[in-house]
Amino acid sequence: MLFLFNVLLLLACSPGVISQPSPEELAPLLQGLAEGPNELDKRVPLMTNDNTVAPLVDLQIFAPPVVPKGGTSCQLLLLNHSFGVGSYNAPAVVPYTPPTARNCGKVGEWAAISLNLTVYSKGTQYDRLSAIYLAHTEIWRSSSAEPTKTGTVWTTLKDVSHYTALFSKPGDLMMDFSNIIDPSLLLDGAFEVTLTATFFAPTKNFPTAKVFDTITPLSNLSPTLPNFFTIADDAGASTNITLPETTVEAYVEIFCSGNSAEEFWYLNTPDEFVGAFPESSGLVGKGPFREVQVLIDGQLAGVVWPFAVIYTGGITPSNWRPLTSYGAYDQPTYWVSITPFLPVLLDRSKTHSITLRVQGQGTNPSINSNWFVSGSVHSRTGSRKTTGRITKYSIGALDIKTTGGATAGNATVWTKVTAARKINIQAELTTERGTEVVSFTQDLHYSNDARYEDEGWVQWGSQTTTGTTVAKQRGTQVLRDAFTYPISVFSNYSLYTLEFGAYGSEIQQNHTRVLQPPVGVSRSIHSEQHAKGAIGMDNWPGLRHAINGTGATEQTFAYTDARGESYFRDAATKNDGWVRDVVWGTLRDANPPVPRNQIFGQGGGPGFRRMLHRRAGTGALKPPSP
Ligand SMILES: *[C@@H]1O[C@H](CO)[C@@H](O)[C@H](O)[C@H]1NC(C)=O
Ligand SMILES: *[C@@H]1O[C@H](CO)[C@@H](O)[C@H](O)[C@H]1NC(C)=O
Ligand SMILES: *[C@@H]1O[C@H](CO)[C@@H](O)[C@H](O)[C@H]1NC(C)=O
Ligand SMILES: *[C@@H]1O[C@H](CO)[C@@H](O)[C@H](O)[C@H]1NC(C)=O
Ligand SMILES: *[C@@H]1O[C@H](CO)[C@@H](O)[C@H](O)[C@H]1NC(C)=O
Ligand SMILES: *[C@@H]1O[C@H](CO)[C@@H](O)[C@H](O)[C@H]1NC(C)=O
Ligand SMILES: *[C@@H]1O[C@H](CO)[C@@H](O)[C@H](O)[C@H]1NC(C)=O
């Protein structure tokens, strides 16, 4: 457990990081967790010893949207669709029209908009990535559970008030949930999706949300294919953009996730050390460091050092059912202020582009295939033409250092990657408000330690990303993102290639983030997660099909916001069953714990086990016919 100490040490002594979450800011989160719930759940019956609970309630912990109490609202069914045969690369596309009923509130003047994405799936399926777009602008990046034979259901709620400009106009609603049904691989789980939107009329205490008037997609705009950019090289993906000449403020919101050879980017091996392992061990190169960049006319404007989202099939699938890792069903997004770049973007003498690109540690290209990246520009216009000039453009070099070593014969190999980046961009803008100074600063630190044994089949990886992003306008802070994302993964695939082999892992991951987004309420999140599990495999059909396994996951989650709302949760699952789930805080009722009839108690559920019968005469194992 040497690695955990390394991580703690690193956290304790990273000086020079500006305005990280202060002890005062973290206190309410830790205090809320320490206090525990102050009421017993009276609404549900006591658990029984019945261990067949279907459908299994599966979830990613999230804080529910904050919406007005006591006002009127209306609900709209946006999509009801089954993603099954033929849904790979074939998003559902339906027309969206803003609701006009009186109880919804006036179009564009809503207090809040929340989405409810509920998915039901029964059978066998891998985790699949999903994205929802409105008017070709990504508004939600999600993924799926690996369902159970008796049915699995998961619901995620998301505040989408900051997309009011999109919801105010008719447009295409697109949902991609590329799924594969293939009986020869035993994949039969379709995803039955119900997506609803709830529009809340403003009330005296909860006025119309302050939002941006223009949202411009940074996406491929395809009418029929997934709209995110698929990035596998160093060129990234560019969008030509023309912002109104009266723009006074602009931000880019970014969605990004690694896929395929980049799914576990944070565990990828530096190229300098890939040669220490036989190719058969399947280690992926180009190192573990990734930076998602926003460039304007080819000039760096800001960066994202992303949180590592582990999908439900990630590393050891039995770890993530029925409690997923943080972000699996609602991935975090990131903000970059491009207000200091307005003098460039508003210059009408040429066309302008915004490029989203991913920087890794390899060469030509620096990443493997591939990343899915998209975004949108959120901007506010004033009443007169904005003019100005960039007064400071200081982009610190991306200072990546890779070191490492090995014992005799590469029996043990270790690597260390560190990186740091400082960005400071300032401009003087003249708008209807007069002349003002705007700035965007980032101060980011990264460290990754890895150790390998058994030719790379056993790996320890510990990574911490810490940073602070701040945007100011007229001396007022308009964006702050202060975060620490430590993750530590031990994985053991020593028996992976054996017939009837096995693999397992132990993972710890935290997400601590104080986010003041450019629109919406400032919020703090602290999530701690620990998961441990193992999978056994058989040889039918073909090698490495999971037949049984164990998995235990514990998570504590705390949310507080500037409105005074809070949400705390302490949950644990084991072997496909809920061990405990306790929720408290002011938002408890908006996202209550799983029903008591789903709680199996200390030992967890019956576990993940596929029924196998011996095929007469051959000695081979095959599943029972349906
Ligand atoms: C969704 O579609 C299914 C199948 O057509 C139907 O049974 C179900 O009632 C629909 N749900 C809603 C909310 O409309
Ligand atoms: C979310 O939608 C599902 C399916 O439409 C529904 O059963 C569930 O009650 C909704 N949850 C909330 C909190 O609105
Ligand atoms: C963007 O503008 C440039 C220069 O006018 C042009 O060459 C390019 O084709 C445009 N790209 C797209 C995607 O429209
Ligand atoms: C040990 O790893 C290095 C690369 O780090 C490689 O060049 C060398 O050939 C390896 N030695 C053995 C014995 O595999
Ligand atoms: C997560 O936070 C807890 C408590 O602060 C700490 O004990 C644990 O080591 C952290 N996990 C990681 C991976 O750093
Ligand atoms: C990895 O798993 C194998 C097989 O269970 C076991 O023999 C070995 O000790 C494990 N390695 C470590 C470092 O835990
Ligand atoms: C999984 O099945 C294999 C083969 O039957 C058995 O050896 C192993 O103990 C099982 N593991 C679990 C966790 O049930």
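Atoms within a ligand are numbered from 1 in the order they appear, just like the ligands themselves.
- Here the shortest heavy-atom pairing between Gly551 and Asn319 reads CA-OD1, 4.3 Å.
- Taking the centre and axis of the six-membered ring of Phe307, the NZ or CZ atom of Arg513 falls outside the cone set by 45° and 6.0 Å.
- Considering backbone and side-chain atoms alike, Ser238 places every N or O at 3.5 Å or more from each N or O of ligand 3.
- Ring orientation note: the planes of Tyr446 and Trp305 are nearly perpendicular, at an angle over 60° on the 30°/60° scale.
- The 4.0 Å heavy-atom shell around ligand 2 contains residues Asn116, Thr118, Leu157, Thr194, ordered by chain and number.
- The aromatic rings of Tyr485 and Phe483 sit parallel, their planes meeting at an angle under 30°, below the 60° perpendicular limit.
- Each of the following atoms of ligand 5 lies closer than 4.0 Å to a heavy atom of Glu528: 1 (C), 2 (O), 3 (C), 4 (C), 5 (O).
- Between Tyr326 and His511, the angle of the ring planes lies from 30° to 60°, which puts this pair in the tilted group.
- Legend: side-chain hydrogen bond (donor to acceptor under 3.5 Å, both in side chains) pairs involving residues 229-238, not counting sequence neighbours, sorted by first then second residue: Asp234-Ser366, Ser238-Thr355.
- An N or O contact shorter than 3.5 Å is missing between Gln509 and ligand 5 by distance.
- For Tyr133, there are no ring-ring contact (aromatic ring centres under 6.0 Å, His included) partners at least two apart in sequence or on another chain.
- Listed by number with element, the atoms of ligand 5 under 4.0 Å from a non-hydrogen atom of Asn510 are 1 (C), 2 (O), 3 (C), 8 (C), 10 (C), 11 (N), 12 (C).
- Residue pairs meeting the ring pair (Phe, Tyr, Trp, His ring centres under 6.0 Å) criterion with at least one member in residues 214-237, sequence neighbours excluded, are Phe228-Phe372.
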